[in-house]
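Data first, discussion second: the structure below is written as structure tokens.
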Amino acid sequence: MMTDASSTIFQDKIDQDIRIEPKDWMPDAYRKTLIRQISQHAHSEIVGMLPEANWITRAPSLRRKATLIAKVQDEAGHGLYLYSAAETLGISREEMIDQLHSGKAKYSSIFNYPTLTWADMGAIGWLVDGAAIMNQVPLCRASYGPYARAMVRICKEESFHQRQGFEILLTLSRGSEAQRRMCQDAIDRWWWPSVMMFGPNDDASPHTAQSMQWKIKRFTNDELRQRFVDICAEQVKLLGMTIPDDQLRWNEERQHYDFGPIDWEEFRNVINGNGPCNKERLAARVQAHEDGAWVREAALAHAEKKIQYGKTA
Amino acid sequence: MTVQHTIDYTLHLADNALVLGHRNSEWTGHGPILEQDIALSNIALDLIGQARYLYQYAARLMTMQGGPEVTEDVLAYLRDSWDYRNCLLVEQANGDWGKTVLRQFFFSAYQYFFYRELQHSRDAELSAIAEKALKEVTYHLRWSSEWVIRLGDGTEESHARMEKALDQLWMYTGELFQPAGFEQALAPGGIAVDLGEIKPLWELRVGEVLKEATLTTPGSMMQQGGKQGKHTEHLGYLLAEMQFLQRAYPGNEW
């Protein structure tokens with residue numbers, strides 16, 4: 001059977017770490033999984049622009065303002081690479097955006113939390129981008145070529161963002177009483193949502209086993225989460241701040257930090273649309289799209305006219 | 001001609017760039033097309049970059065004059081609207097995408113001819129800033145011209161929106177070429193650009209683009225006052241938002 005032979009070739013490539021490319025045969029489920037994951041990631045970049053864009057006009061110095069615009073612009077760029085990578089799997093950007101706007105496609109729940117102070121720009125860089133990098137670095141070796149290559153570029157920029165975020169917090173931590181308060185408050189609000197970014201525990205993660213077999217995923221949610229906690233628990237000392245978890249302590253035997261239980265009910269609530277900003281974030285995206293409809297139509301109409309002018313000229 | 005005139009002139013140019021850069025950055029994350037969101041954010045970044053060079057230069061001149069230590073952020077964040085010297089055009093609210101690109105077009109066309117002349121300024125610092133900025137502005141002018149044409153000669157709706165934007169913005173274009181006191185004082189020394197010289201170039205370019213966009217200019221009376229610190233109501237809100245942290249937590253490092 002043709003499919004059996006194709007399927008064997010496919011799995012052989014995966015086993016030998018040979019990249020799957022757009023024109024190669026691949027199982028439907030592999031294609032679907034990638035479309036779901038890559039488009040979800042692209043949407044996260046685009047929706048993720050909003051909480052940070054919220055502080056562009058209030059950034060406290062010209063240098064911070066320029067850096068923040070550049071960062072949010074990088075996220076738009078990441079969205080573009082990822083939409084393009086997903087398009088190689090046979091779905092259009094329009095379809096993906098429709099799925100986002102209709103609520104059919106998800107994006108990272110972390111962006112459904114509000115940015116309340118300037119320190120949130122630091123905490124997002126340090127914790128949210130930090131967690132994202134932890135998830136994304138292994139994706140640079142994902143079995144699907146266009147996705148892996150997009151991730152290489154994205155990871156370079158993300159690690160730059162993370163350092164910038166930490167530096168914002170470091171400056172605040174060495175500043176006035178009010179600035180230190182801002183810094184701790186932001187860590188308190190962003191810590192647990194960041195820990196949740198790694199997804200459900202391994203025993204409750206429906207896609208992990210298959211994704212690992214296809215080498216889309218290289219480590220489990222809990223492995224990555226542990227690595228994140230271990231790193232942050234050390235870095236927070238440089239800030240002279242605390243992580244809001246009274247069960248966080250070094251475990252000599254495990255050679256890892258133990259940490260407290262995650263509030264999975266909050267996680268499910270935010271995923272199901274009941275987070276503090278779910279409705280606003282989606283509404284802002286839909287609004288930008290609808291307000292832009294006349295612009296896109298005009299651009300198209302003008303392009304067509306130009307072809308007509310060309311014919312009559 | 002005094003150093004104070006050069007300071008005022010430099011601040012005027014810096015304020016123009018910062019205020020328009022700030023306005024453009026209000027679009028970041030909300031653009032009509034992802035690629036254009038990136039393009040406009042890029043223009044915002046270029047303008048804020050120009051503003052920083054200019055404020056840094058003004059700050060050095062002010063410090064050299066023996067005043068208290070001044071930084072780019074003191075100049076951007078701790079002056080109120082009556083000290084801002086930007087033209088009224090750049091502080092106008094974004095409106096829709098059409099109004100934003102038309103505002104950009106008017107300003108980029110001005111900046112293009114302006115920096116082209118300022119490159120030959122006898123002030124070496126201003127000349128160097130102009131040379132660097134001209135490369136950026138050449139792109140801004142091309143990008144905004146293309147959008148004005150596309151929307152003016154697009155659909156019935158886009159044409160109507162552009163006519164409306166033109167009606168709202170045209171009255172602020174005259175000020176670009178009305179020299180303020182500090183410009184008149186600097187003119188004989190070969191430091192400042194002769195606005196009378198670049199005005200016909202601007203008119204010609206704007207006329208060509210608007211014609212291709214099938215748009216006609218209204219004959220409205222020109223408004224002015226920005227260069228003298230008399231602004232429209234919009235600037236106060238822009239500064240209140242931009243300066244919030246520096247005002248609420250004075251004297252901190254960020």
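Keep in mind the model is a prediction, meaning the values are calculated, not measured. Within every chain, numbering begins at 1; the chains are lettered A, B, ... in the order of the sequence lines, protein sequences first and strands thereafter.
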**Request:** Please state whether the side chain, the backbone, both or neither of A:L300 comes within less than 4.5 Å of a heavy atom of chain B.
**Result:** neither
**Asked** For B:G29 and A:L50, which heavy atoms make the closest approach, and how far apart are they?
**Response** O-CD2, 3.7 Å
**Request:** Sequence neighbours left out, what passes salt bridge (charged side-chain N to carboxylate O under 4.0 Å, His left out) with A:K237? Give chain and number order.
**Result:** A:E234
**Complete:** Bottom line for B:I38: the part with an atom under 4.5 Å from chain A's heavy atoms is both
**Message:** Counting heavy-atom pairs under 4.5 Å with chain A, which one of B:H159, B:E157, B:R23, B:E156 comes out on top?
**Reply:** B:E157
**Asked** For B:Y139, does the OH atom sit with more than 12 other heavy atoms under 6.0 Å from it, leaving out its own atoms?
**Response** yes
**Asked** Above 12 or not: heavy atoms from other molecules or residues under 6.0 Å from OH of B:Y57?
**Response** yes
**Message:** How close do B:W254 and A:R64 get, counting heavy atoms only, and between which atoms?
**Reply:** O-NE, 2.6 Å
**Asked** Given the options A:R296, A:R174, A:Q179, which has more heavy-atom pairs under 4.5 Å with chain B than any of the others?
**Response** A:Q179
**Prompt:** From A:M49 CE over to B:S41 OG, what is the distance, rounded to the nearest 0.5 angstrom?
**Reply:** 6.0 Å
**Qualifying residue for side chain to side chain contact (heavy atoms under 4.5 Å, CB included) with A:Q73, from B:T28, B:L45, B:L40** = B:L45
**Message:** Between A:L62 and chain B, with a heavy-atom cut-off of 4.5 Å, which part of the residue counts as in contact: side chain, backbone, both or neither?
**Reply:** both
**Asked** Counting only heavy atoms not in B:E212, do more than 12 sit closer than 6.0 Å to its CD atom?
**Response** no
**Message:** Does any backbone or side-chain atom of B:W147 lie under 4.5 Å from a heavy atom of chain A? Answer side chain, backbone, both or neither.
**Reply:** side chain
**Asked** Out of curiosity, A:S61 OG to B:Y77 OH, how far, rounded to the nearest 0.5 Å?
**Response** 5.5 Å
**Asked** NZ of A:K305: more than 12 outside heavy atoms within 6.0 angstrom?
**Response** yes
**Fill in**
Answer key: most heavy-atom pairs under 4.5 Å with chain A among B:E35, B:E26, B:H30 is B:E35
**Request:** Could you look at A:K306 and say if it's the side chain, the backbone, both or neither that has a heavy atom under 4.5 Å from chain B?
**Result:** neither
**Request:** Take atom CZ of B:R247 as the centre, draw a 6.0 Å sphere, and report whether it contains more than 12 heavy atoms from other residues, nucleotides or ligands.
**Result:** yes
**Request:** Under 4.5 Å, heavy atom to heavy atom: which of residues 77-101 of chain A reach chain B? Give them by number, or say none.
**Result:** A:G77, A:G79, A:L80, A:Y83, A:R93
**Request:** Identify which of B:I48, B:L18, B:L34, B:T155 forms the greatest number of heavy-atom pairs closer than 4.5 Å to chain A.
**Result:** B:L34
**Asked** Can you name the nearest heavy-atom pair linking A:G292 to B:P32, along with the distance?
**Response** CA-CB, 3.5 Å
**Prompt:** Tell me, side chain or backbone of B:E241 under 4.5 Å from chain A's heavy atoms, or both, or neither?
**Reply:** both
**Request:** Name the option with the most non-hydrogen atom pairs under 4.5 Å to chain B; the candidates are A:P60, A:A53, A:A303, A:A298.
**Result:** A:P60
**Message:** For A:M182, which atoms come within 4.5 Å of any heavy atom of chain B: side chain, backbone, both, or neither?
**Reply:** side chain
**Message:** Could you check whether any side-chain heavy atom of B:D153 comes within less than 4.5 Å of a side-chain heavy atom of A:Y309, counting everything from C-beta outward?
**Reply:** yes
**Asked** Hey, mind stepping through A:W294 and B:R161 against side chain to side chain contact (heavy atoms under 4.5 Å, CB included) and telling me if it holds?
**Response** CA-CA 10 Å; A:W294 72 272; B:R161 283 175 183 264; 3.4 Å; yes
**Message:** Taking every non-hydrogen pair under 4.5 Å, which of B:Q36, B:R52, B:E72, B:E146 racks up the most with chain A?
**Reply:** B:R52
**Message:** Apply side chain to side chain contact (heavy atoms under 4.5 Å, CB included) to residues A:T57 and B:F244 and explain how you reach the verdict.
**Reply:** CA-CA 10 Å; A:T57 54; B:F244 153 67; over 6 Å; no
**Request:** Evaluate the criterion side chain to side chain contact (heavy atoms under 4.5 Å, CB included) for residue pair A:K65 and B:H22; output intermediate values, then yes/no.
**Result:** CA-CA 9 Å; A:K65 193 184 195 70; B:H22 180 97; 2.9 Å; yes
